[in-house]
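Beneath this line is the structure, given in structure tokens, with notes to follow.
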Amino acid sequence: MAKEGAEKTEETEHMIEKDAGKEPETVLSSGNAKEMRAVVLSGFGGLNKLRVTKKAMPEPQEGEVKVRVKACGLNFLDLMVRQGNIDNPPKTPLVPGFECSGIVEALGENTKEFEIGDRVMAFVNYGAWAEVVCTPAEFVYKIPDDMTFTEAAAFSMNFVAAYMMLFEVANLREGMSVLVHSAGGGVGQAVAQLCSTIPNVTVFGTASSFKHEAIKDSVTHLFDRSVDYVQEVRKISADGVDIVLDCLCGENTGKGLGLLKPLGTYILYGSSNMVTGETKSFFSFAKSWWQVEKVNPIKLYEENKVIAGFSLLNLLFKQGRSGLIKTVVDKLISLYNEKKIKPLVDSLWALEEVKEAMQRIHDRGNIGKLILDVEKSPTPLMANDSTETSEAGEEEEDHEGDNDNKERMPFIQ
Ligand SMILES: NC(=O)c1ccc[n+]([C@@H]2O[C@H](COP(=O)([O-])OP(=O)(O)OC[C@H]3O[C@@H](n4cnc5c(N)ncnc54)[C@H](OP(=O)(O)O)[C@@H]3O)[C@@H](O)[C@H]2O)c1
């Protein structure tokens, strides 16, 4: 991450370590050409911790690329970061966001492979939700001419994670079957599309029922998220599935492992179930950990089963596997060029609408990916006469500002 003002220690390079993502607190006055707009998370908690503010514009350090951002990906993980619902959270205030797309505006010393004006997508170790981002060149990828900035911002996290799990970890091959939860979400849809690139792969998916119509062509067998999917899968495939992708850590380990065929692979890659209300709930956190199944390694070998974990951001920012990820991005771009995959975008939001966008993902409303469009103006607020309480409102804090009783309609693609 580029240095802005105060010197940062080497620790800041790693998301996992405490200082990662820390931004200087200085907020500049408006009208300065060296300023940019950015979303700032002032502390962990509810939506009221998010603000759009002016910040000093970063300049690229050695080996970095400065990107004029067009669009940013909003992931479920960002919601967990906002709540402080992650392992070893960084210090606040920080600019959230792990991925963006845009145009190369400047290069740090010794930065090769890119030219000013290149259209790119990039991973960022926090700080993506801003008008300008600086990130090491190893995390930046050129995008095809016909890939829009919106598509590019919806591409890297979801497709790289899905590809790595299916092909690098689980070795997906012709004729296999895959179970994926949250099948209508960003990663879920990337998994479904990548499965369709291999002949005769059966995809079982769980998702809220209202999404089924929209995603039925990409998922072979869809179940409502609240049904007993083990029973439903067994009705169709008595001996289970080859690959289980579980982003509901703790709720499903035993069920998922039980569903595996011999030589099958169970991959844990998320903990969406830890999110209940608007703020982190220590009760659900403790409950989830209490419920995590104990895995008996002896049973694993007796039953010929593989259990794995996957974290793309750790692989990139902590474990130094950017070279491997680059080869995966190249393969994914080829699949995009061959029109075999295409990010499914749910909706576009202005930076100023980040709270509403987060509320939508929290309310399970998204089908595909949410995008923060840096050049989009906020849509006018409308009076909200709804009396319904959202799921996210269960543990709601006092909201600051005047807009509590108003809502915006998302721009749906
Ligand atoms: N390990 C990695 O490298 C990696 C990378 C990317 C993402 N992930 C993980 O993959 C999962 C999906 O990420 P995503 O960004 O693509 O998000 P997403 O699937 O678009 O997330 C939203 C969907 O998750 C489902 N969901 C499940 N539990 C929920 C809860 N407690 N609150 C709200 N929604 C819940 C809802 O769909 P339904 O109601 O239809 O079930 C919701 O629409 C997350 O757990 C994320 O942390 C991991």
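For ligands, and for the atoms within them, numbers begin at 1 and follow the listed sequence.
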State whether Arg37 and Glu352 are salt-bridged, where the test is any N-O pair (Lys NZ or Arg NE/NH1/NH2 against Asp/Glu carboxylate O) under 4.0 Å.
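Yes, charged N to carboxylate O under 4.0 Å.
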Is any side-chain N of the basic residue among Arg234 and Asp239 closer than 4.0 Å to the acidic one's carboxylate O?
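Result for this pair is no, no salt bridge flagged.
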Nearest heavy atom to [atom] wins, so pick from [options].
{"atom": "atom 6 (C) of ligand 1", "options": "Val187, Asn273, Asp78", "value": "Val187"}
{"atom": "atom 23 (C) of ligand 1", "options": "Asn366, Asn75, Leu268", "value": "Asn366"}
{"atom": "atom 18 (P) of ligand 1", "options": "Ser271, Gly73, Gly365, Gly185", "value": "Gly185"}

Of the backbone atoms (N, CA, C, O) and the side-chain heavy atoms from C-beta on, which set of [X] has a member under 4.0 Å from an atom of ligand 1: side chain, backbone, both, or neither?
{"X": "Met80", "result": "neither"}
{"X": "Arg364", "result": "both"}
{"X": "Ala161", "result": "side chain"}

Mark up the atoms of ligand 1 that fall under 4.0 Å of a heavy atom belonging to [X], in ascending order.
{"X": "Gly270", "answer": "45 (O)"}
{"X": "Leu312", "answer": "2 (C), 3 (O)"}
{"X": "Phe310", "answer": "1 (N), 2 (C), 3 (O)"}
{"X": "Ala207", "answer": "40 (O)"}
{"X": "Ser208", "answer": "38 (P), 39 (O), 40 (O)"}
{"X": "Gly186", "answer": "16 (O), 18 (P), 19 (O), 20 (O)"}
{"X": "Tyr269", "answer": "1 (N), 2 (C), 4 (C), 8 (N), 9 (C), 10 (O), 48 (C)"}

If you draw the axis of the six-membered ring of Phe149, does the NZ or CZ of Arg119 fall within 45° of it and under 6.0 Å from the ring centre?
yes
Does NZ or CZ of Lys142 come closer than 6.0 Å to the centre of the six-membered ring of Phe114, within 45° of the ring's axis?
yes
For the 3.5 Å polar cut-off, considering only N or O atoms, please tell me whether Phe76 and ligand 1 meet it.
yes
Report all side-chain donor-acceptor pairs from residues 202-216 shorter than 3.5 Å, counting only partners two or more places apart or in another chain.
residue: Thr206; atom: OG1; partner: His181; partner atom: ND1; Å: 3.0
residue: Ser208; atom: OG; partner: Arg225; partner atom: NE; Å: 3.2
residue: Ser209; atom: OG; partner: Asp224; partner atom: OD1; Å: 2.6
residue: Lys211; atom: NZ; partner: Arg364; partner atom: O; Å: 3.3
residue: Lys211; atom: NZ; partner: Asn366; partner atom: O; Å: 3.2
residue: His212; atom: NE2; partner: Ala207; partner atom: O; Å: 2.9
residue: Glu213; atom: OE2; partner: Lys216; partner atom: NZ; Å: 2.9

I'd like to know whether the aromatic ring centres of Phe159 and Tyr163 sit less than 6.0 Å apart in this structure.
no
Check: Phe123 ring centroid to Phe98 ring centroid under 6.0 Å:
no
Any Ser311 heavy atom less than 4.0 Å from ligand 1:
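Judged by the 4.0 Å heavy-atom criterion, Ser311 does count as contacting ligand 1.
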Answer with yes or no whether the side chains of Asn110 and Glu62 bring together a donor and an acceptor at under 3.5 Å.
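Checked: Glu62/Asn110 side chains pair up, N/O donor to acceptor below 3.5 Å.
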Checking Ser218 against Gln193: is there a side-chain donor and acceptor pair closer than 3.5 Å?
no
Nearest heavy-atom contact between Asp78 and Asn75 is OD2-N, 2.6 Å
